[in-house]
Amino acid sequence: MTRHRRAGRLVAVVALLLATAAPSAAGDVAAGRRKAIACQACHGLDGLSKLPDAPHLAGQPERYLMKSLDEYRKGVRKNELMSIVVKDLSDQDIADLASYYGAIEISAQPPK
Amino acid sequence: MKNALLCVASALVLVWPAMAQAQAPTAGNLEKLSDFKTTGTPMDIPQVPQTGAKADAIKKNLARIKLPRGFKIGLYAIVPDARHIAVGPQGVVTFVGTRKSKVWAVTDRDKDRVADEVKEFAPSIAFALPNGVCFSKDGFLFIAEQNRVLVFPAAEFFYEGPDVAAFVVVKQGELIPPEEESYNHTARVCRIGPDDKLYITLGQPFNVYAPEKMEPYKKAGIGGIVRMSREGKDREVFATGVRNSVGMDFNPKDKALWFTDNQVDGMGDNQPPGELNRADKPGMNFGFPYFGGGKTRTNEYKNQTPPADVTFPQVEMDAHAADLGMTFYTGRMFPQKYRGGIFSAQHGSWNRTTPVGARVMFTPLKEDGTADKTEVFADGWLTENGEYLGRPVDVAQLPDGSLLVSDDLAGALYRIWYDGR
């Protein structure tokens, strides 16, 4: 949980420092976990992809997640599913979701 | 044919020991198999472990599942990414498709009604989204992929080894025009009809397609159901006006084709309804894209006049519950009320604020062959917090009259049986 709070604080700092970051709200990991119910069918509550064309979100940089969701919302990026789900997302929703998925710890082992 | 297959089988047995090198599936392998040649794929096919922490966790989740009195549910097999199910007519093997690249062969060798062996089917062939699996009564296994259809004669006989007799029914790129390939709405389902033809559902790739797609899609049967001979000839569009059907079965009693259809997203949590449809003749139009589900008009086509002959669903299911695989119950194990009725799986909503679905539904039929009132048969895979513990995809009947349910989230097959207690 400490890590999560730290992650949330980091988002806040980043958002304050970078005026270019679109949604400027600070993310709340617990709120993001609740809101991720609408993401679980494709991306999993564990952030691991459940569909052949859905990416893993676990441990994704929060800034990247916020940017992606914002681009879908603006219509800069288009996808049959994503363009539907982002329609009703607020800046706060986006920040919360990015915090939650960014806070999932992952480890990677490249092939030998 | 049977003698020829036996000869080939003996030939394969003779050359197997000579195979040494590991080999990834390559495009040329299918041609070799069609010529009854070996591919050099190693004989040992790795098995999916059936015990351990994962199996224990799934069994624990199954304790939550509610069923009508006298029914029980148990873990039948661990099958990664399990989608549609084809139970072999000889009762030897059950084949399970996936939305990835594998087809699984599931065997209950000791007939204790729990599978003891799960391994990859035809590992020398590179599959792409082999979701749709179906059997003819004479034991030919058909596999409908994203954009190809293959047939495996005597699949229940050949499956033990990596090299199986395999033939092309629809060539790569000819099921739909390749430029229409998408990952969205691309889980095909197949059935061999009472007319001995091969029926395949073709989902259209959009939420609601643009008007310029209407004519080409109608012609190709995209957003519909097509049928063809078992050799892939005489293709025709059987049904149109379908958005994305991922389940169908023929009523053995009156031969009508029933199918589920997944309806339009982005219109709110409570509309439009999901569908269970009945096609009792070719050429019927089921209303999409004018209707987004049931009698709900789509925003995109609300100013256009729908065709006069649209057929509305027999059953309106909960909005966004994602009705997928279905089967008529022809067994004798379940009580009288279930015989001749339809079991169907709800995958569960993907983006509804409060998720709904992840259940097995039962729809009895009236004397005239139309739907009576649908009820929930099995549920409990959705927690109070809206988390999925499993997502049912398909239902299929085992020879003993029990019911298999596939789950692509848990990666498992469950078995539901009746003991009256």
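Letters A, B, ... are given to chains in the order of the sequence lines, protein chains preceding strands, and every chain is numbered from 1.
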| query | Step by step, would you call B:Glu387 with A:Arg34 a salt bridge (Lys or Arg N to Asp or Glu O under 4.0 Å)? | reply | CA-CA 9 Å; B:Glu387 184 177 356; A:Arg34 283 192 300 276; over 6 Å; no
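- Heavy atoms of B:Thr353 lying under 4.5 Å from chain A belong exclusively to its backbone.
- Within the model, atoms CZ of B:Arg99 and CG of A:Leu51 stand 5.0 Å from one another, a figure rounded to the nearest 0.5 Å.
- Residue B:Asp81: no heavy atom, backbone or side chain, is found under 4.5 Å from chain A.
- At a 4.5 Å heavy-atom cutoff, the contact between B:Ser349 and chain A is made by backbone atoms alone.
- With hydrogens and angles ignored, the 3.5 Å screen pairs a side-chain donor or acceptor of A:Gln40 with a backbone N or O of B:Gly386.
- B:Lys100 NZ: 12 or fewer foreign heavy atoms inside a 6.0 Å radius.
- Looking at A:Leu45 and B:Tyr388, their side chains never come closer than 4.5 Å, going by heavy atoms from C-beta outward.
- A:Ile37 touches chain B through backbone and side chain together, each having a heavy atom under 4.5 Å away.
- The local environment of NZ in A:Lys35 is crowded, with over 12 non-hydrogen atoms from other residues, nucleotides or ligands closer than 6.0 Å.
- Between the CZ atom in B:Arg391 and the NZ atom in A:Lys50 there is a gap of 10.5 Å [rounded to 0.5 Å].
- Between the CG atom in B:Asn184 and the CG atom in A:Leu81 there is a gap of 4.5 Å [rounded to 0.5 Å].
- Counting non-hydrogen atoms of neighbouring residues, nucleotides and ligands closer than 6.0 angstrom, the OH atom of B:Tyr301 exceeds 12 such neighbours.
- Under a 3.5 Å cut-off, the side chain of A:Lys87 and the backbone N or O of B:Gly266 do form a donor-acceptor pair.
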